[in-house]
Amino acid sequence: MTAEPLWEVFVRSRRGLSHIHAGSLHAPDAAMALRNARDVYTRRQEGVSIWVVPSSSITASSPDEKDAFFDPAGDKVYRHPTFYDIPDEVRHL
Amino acid sequence: MDGTEPDPREVEFQALVDADGRIEPRDWMPDAYRRSLVRQIAQHAHSEIIGMQPEGNWITRAPSLRRKAILMAKVQDEAGHGLYLYAAAETLGVSRDELLDLLHAGKQKYSSIFNYPTLTWADMGAIGWLVDGAAITNQVPLCRCSYGPYARAMVRICKEESFHQRQGFESLLTLSRGTVEQKAMAQDAVDRWWYPSLAMFGPPDSESTHTGTSMAWGIKRFSNDELRQKFVDMTVPQSEVLGLRIPDPDLRWNEERGHYDFTAPDWEELRRVISGDGPCNRQRIEHRVSVHERGSWVSDAAAAYAAKHADGEVAA
């Protein structure tokens with residue numbers, strides 16, 4: 001038996017929400033991956049839509065570089081609304 | 001590393017674990033942590049798929065369509081649980097095929113409980129109530145395990161196990177409130193499954209080989225004996241509602257400890273069953289291997305089909 005490719009499964013639990021990673025599975029092709037994902041990850045109506053993506057197609061940031069990679073956002077507190085002092089009497093701002 | 005100068009990566013790893021953080025697949029981790037997780041997750045995954053056999057045994061003989069549909073859903077869940085867990089193990093750099101080969105060769109284990117036979121229909125109820133109850137007691141703390149993919153798999157599994165335990169309880173309750181013969185059958189099942197269920201928590205703390213390191217690594221949160229006690233304390237009041245007796249003459253509430261005192265399972269028997277000498281060990285593996293081999297044409301055909309249509313295929 002040959003090893004089947006790995007697929008990542010994303011499930012939209014209901015309309016209006018985004019697809020969220022549910023897990024992974026092996027399947028020979030996309031159609032089988034989709035069917036298996038339905039059987040494995042939505043046995044209790046957990047989803048209304050499924051994406052399957054070959055795991056090999058995912059490019060991920062490296063955990064070793066995580067500090068350097070995310071550092072640029074670290075010193076930009078002015079991107080948050082709470083950075084600004086506004087007088088208490090100002091409403092709706 | 002010479003032991004005096006700790007590996008800074010290991011220090012960082014332990015600090016993250018101590019702060020109740022989660023380790024993710026691509027993080028650095030000590031080799032022993034990885035090995036320990038692979039061993040535990042694989043054993044857990046194997047238990048799920050071997051556990052399909054004792055229950056699959058009764059699907060064709062379920063007493064009603066309702067019970068049959070429930071049992072099929074439960075056995076299908078076990079297959080799903082196996083898949084979540086094999087997938088979690090694969091994030092540690094092993095392949096599912098490799099793990100199955102180790103199972104088939106007897107080089108990796110599964111829970112000793114599945115080496116006991118399911119002799120009557122009431123065993124389906126007793127397994128749901130006691131075996132799945134013990135499994136849940138073990139598994140709920142694993143939802144907070146330090147390894148992210150394992151913890152996430154356990155969250156899904158625990159949600160589904162709750163149905164397993166409740167259907168088992170309900171099934172036993174129906175038998176217990178049925179005819180004299182049905183009640184006797186339910187009692188017989190509880191008599192046979194009680195001690196093997198207690199043994200599911202593993203050897204006593206004084207003899208447990210993995211507990212210390214597993215605790216330090218945040219894989220395990222409670223010791224075998226703590227979990228066993230918790231299970232007994234939860235289960236005894238349930239047995240009173242069922243109207244079934246726990247087969248332990250020394251079982252009694254200990255006011256001082258705030259726990260039930262109970263008789264420990266036969267550890268010698270547990271050792272025998274783990275080392276391959278239980279009632280069904282050989283049968284379980286033989287069946288597993290034969291199904292794997294007889295079913296391989298399905299994956300071969302699917303792979304051939306996929307190869308043939310590889311060009312221009314787009315997901316629906």
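None of these values were measured; they are calculated from a predicted model. All chains are named by letter (A, B, ...) in the order of the sequence lines, taking the proteins before the strands, and each is independently numbered beginning at 1.
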**Asked** When only pairs under 4.5 Å are counted, which of B/E160, B/E90, B/R96, B/Q76 shares the most heavy-atom pairs with chain A?
**Response**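 Top option by heavy-atom pairs under 4.5 Å: B/E160.
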**Asked** Checking heavy atoms, do the side chain of A/A60, its backbone, both or neither come under 4.5 Å from chain B?
**Response**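 Contact with chain B: backbone and side chain both.
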**Asked** Relative to chain B, which segment of A/S55 carries a heavy atom at a distance below 4.5 Å: side chain, backbone, both, or neither?
**Response**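 For A/S55, no heavy atom lies under 4.5 Å from chain B.
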If I measure from the heavy atoms of chain A, does [X] come under 4.5 Å with its side chain, its backbone, both, or neither?
X	answer
B/R152	neither
B/E24	neither
B/E98	neither

**Item:** Ion pair check, B/K308 and A/D29, cut-off under 4.0 Å
**Value:**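 Not counted as a salt bridge, because no side-chain N and carboxylate O are separated by less than 4.0 Å.
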**Request:** Show your working on side-chain contact (heavy atoms from CB on, under 4.5 Å) between B/Y86 and A/L25 and close with a plain yes or no.
**Result:** CA-CA 9 Å; B/Y86 284 119; A/L25 51 77; over 6 Å; no
**Message:** Any side-chain to backbone donor/acceptor pair from B/R26 onto A/S61? Under 3.5 Å, distance only.
**Reply:**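 Checking the backbone N and O of A/S61 against the side chain of B/R26, a donor-acceptor pair under 3.5 Å is found.
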**Request:** Could you tell me whether the side chain of B/Y84 and the main chain of A/V40 form a donor-acceptor pair under 3.5 Å?
**Result:**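 Yes: the side chain of B/Y84 pairs with the backbone of A/V40.
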**Message:** Tell me whether B/R39 at atom CZ has more than 12 heavy atoms from other residues, nucleotides or ligands lying less than 6.0 Å away.
**Reply:**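 Yes - once you tally the heavy atoms of other residues, nucleotides and ligands closer than 6.0 Å, there are more than 12.
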**Asked** With a cut-off of 6.0 Å (strictly less than), are more than 12 heavy atoms of other residues, nucleotides or ligands near NZ of A/K76?
**Response**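 Atom NZ in A/K76 is packed in, count exceeds 12.
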**Asked** Can you check side-chain contact (heavy atoms from CB on, under 4.5 Å) on B/Y305 and A/M32, steps first, answer last?
**Response** CA-CA 11 Å; B/Y305 182 87; A/M32 285 295 288; over 6 Å; no
**Message:** Ignoring hydrogens, what is the shortest heavy-atom contact between B/R156 and A/A22? Give both atom names and the distance.
**Reply:**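 The answer is NH1-O, 3.9 Å.
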**Message:** To check you understand the geometry: which heavy-atom pair defines the closest contact between B/A306 and A/P28, and what is its length?
**Reply:**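 Smallest interatomic distance, heavy atoms only, reads CB-O, 3.4 Å.
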**Message:** For A/R44 and B/K159: C-alpha separation, side-chain torsions, deciding distance, then whether side-chain contact (heavy atoms from CB on, under 4.5 Å) applies.
**Reply:** CA-CA 11 Å; A/R44 289 176 176 79; B/K159 273 189 204 158; over 6 Å; no
**Item:** Separation of B/L83 CG from A/S24 OG (nearest 0.5 Å)
**Value:**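 Going from the OG atom of A/S24 to the CG atom of B/L83 covers 7.5 Å.
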